[in-house]
Amino acid sequence: MQIERVTLRDHDMSASLLNYGAITQSWILVETPLILGYENPQDYLSDPFYLGAIVGRVANRIGGARFRLEDVEYLLDANEGANSLHGGFHALSRQYWQIQQSKANQAVMYYASPDGECGFPGLVAFEVRVTLKYPRLTYEITAKPDRPTPISIAQHNYYTLGNLSGMTDAHLRIVSDRILATDAQGVANGRIHQVKGSTRDFTAARPIGDCAEGLDSFFVFNAKRSTNEAVAELVAESGLTLRVYSDQPGAQVYSAAQMSDPFWDSAGLCIEPSGYPNAVNTPAFPSVLYSPEKPYYQKLVLEIVEDRV
């Protein structure tokens, strides 16, 4: 199959989408790029960073690349050591989606994931609806399985907001005072840590670079937050601010401290709302199981605020 692209436009903003991986290749305000992306769509075929992709069926890491459901053990793709990362070798980010553009500012992408793909049970019909309405880019993600199966999607943009020298000096605030603890392989182990007083305390805005070792943690959003409150806010030196609105319980926040050519360390910041990672193996975590009677839905809204100096 060939990679196809559609471009959404509204006022001075545009966003280009690819049918491969349901990828957001670019998001631009006037001439300012807001996310990282490759100019050549073919480069996404070998991209190790999941730039702009829809990742899943289950985002993040599943320990041991396996889980049990209804007394059946399912063996998944072990594509990161012994674990499954972002769904496996041929997950949603590595598939060709059907893409339709019905309006100048809206497109819908479809993919039917067959039973057993990457080891997951059930046929699942996925839909991603992307709407650009200045100053917001909105993703609505639905999934309809034909039997109970885990689903937890993440949208994987690397935000730059026009910063050309990286994001270490950008200020980040997250409506979260807890993170999920992980083992040495980055797999959530069921424990939850308070961030107060730690390098991962972003309850008040501060530079990303203050976390010298780099951010790569799942932040649990505060349950008592307002439904209209942004779960994260990113303020760049460019004078642009990104506000993230999500209905998910938390997000992996990744500062890309170890990127490689053609990018550089901390070139962008990922904020990936989703269900809890490794929830399929952690009964104490909120369930990520969905069924014909309980289809999956996620809404992610990205808002740009201009305050250029």
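As the structure is a computational prediction, the values presented were derived from the model and not from experiment. When a residue number appears, it is its place in the shown sequence, counting from 1. Only heavy atoms go into these numbers, but all of them, side chains included; no hydrogens, no water, no symmetry mates.
Within the 3.5 Å criterion, the main-chain N or O of Arg191 finds a donor-acceptor partner in the side chain of Asn189. Side-chain atoms of His156 come within 3.5 Å of backbone atoms of Tyr50 as a donor-acceptor pair (strictly under, hydrogens ignored). Judged by distance alone, the side chain of Asp177 and the main-chain N or O of Gln194 form no donor-acceptor pair under 3.5 Å. Within the 3.5 Å criterion, the main-chain N or O of Asn163 finds no donor-acceptor partner in the side chain of Ser238. At distances below 3.5 Å, not a single donor-acceptor pair connects side-chain atoms of Ser152 with backbone N or O atoms of Val58. With hydrogens and angles disregarded, a donor-acceptor distance shorter than 3.5 Å links the side chain of Asp77 to the backbone of Phe89. Side-chain atoms of Ser176 come within 3.5 Å of backbone atoms of Val220 as a donor-acceptor pair (strictly under, hydrogens ignored). Under the 3.5 Å distance criterion, the side-chain polar atoms of Asn278 are matched with a main-chain donor or acceptor of Ala188. Between the side chain of Arg57 and the backbone N or O of Ser113 there is at least one donor-acceptor pair closer than 3.5 Å. Here the side chain of Asn19 pairs a donor or acceptor atom with the backbone of Gln2 at under 3.5 angstrom.
A continuous path of Ile, Leu, Val, Met, Phe, Trp and Tyr side chains, each step under 4.5 Å between heavy atoms, connects Ile304 with Val231, placing both in one hydrophobic cluster. A continuous path of Ile, Leu, Val, Met, Phe, Trp and Tyr side chains, each step under 4.5 Å between heavy atoms, connects Ile54 with Val124, placing both in one hydrophobic cluster. Hydrophobic clustering of Ile, Leu, Val, Met, Phe, Trp and Tyr side chains at less than 4.5 Å, counting indirect connections, keeps Met259 apart from Met167.
What you find for Phe49 and Ser260 is that their closest heavy atoms are CZ-OG, 3.3 Å. Residues Gln101 and Thr7 come closest through the heavy atom pair NE2-O, 3.1 Å. Across all their heavy atoms, Ile153 and Gln298 have their closest contact at O-NE2, 3.0 Å. The minimum heavy-atom distance linking Ser14 with Leu132 is given by the pair CA-CD2, 3.7 Å. In terms of heavy atoms, Gln25 sits closest to Pro41 at NE2-CG, 4.0 Å.
Looking at Tyr38 and Asp47, their side chains do bring a donor and an acceptor atom within 3.5 Å of each other. For the 3.5 Å distance criterion, the side chains of Ser16 and Arg5 fail to qualify, holding no donor opposite an acceptor.
In this structure, Asp115 pairs ionically with Arg147, as a charged nitrogen and a carboxylate oxygen lie closer than 4.0 Å. A salt bridge does not link Lys224 with Glu229: every distance from a Lys NZ or Arg NE/NH1/NH2 to an Asp or Glu carboxylate oxygen is 4.0 Å or more.
Remark: Glu31 CD is loosely packed, at most 12 non-hydrogen atoms of other residues, nucleotides or ligands lying under 6.0 Å away. By the 6.0 Å contact criterion, CD on Gln258 is open, its count of non-hydrogen atoms from other residues, nucleotides or ligands being 12 or less.
Between Tyr20 and Tyr44, a ring centre-to-centre spacing not shorter than 6.0 Å is recorded. Between Phe218 and Tyr276, the distance separating the two ring centers is shorter than 6.0 angstrom.
For the pair Arg136 and Tyr245, the distance from NZ or CZ to the six-membered ring centre is under 6.0 Å and the angle to the ring normal is within 45 degrees.
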Could you go step by step and tell me if Tyr139 and Thr24 meet the side-chain hydrogen bond (donor to acceptor under 3.5 Å, both in side chains) rule?
-> CA-CA 11 Å; Tyr139 298 83; Thr24 303; 2.7 Å; yes
List the steps, then state whether ring pair (Phe, Tyr, Trp, His ring centres under 6.0 Å) holds for Tyr74 with Phe67.
-> CA-CA 6 Å; Tyr74 292 92; Phe67 70 95; 5.4 Å; yes
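Each of Gln106, Lys133, Lys103 was evaluated against Asp10; a single residue qualifies, Lys133, per the side-chain contact (heavy atoms from CB on, under 4.5 Å) test.
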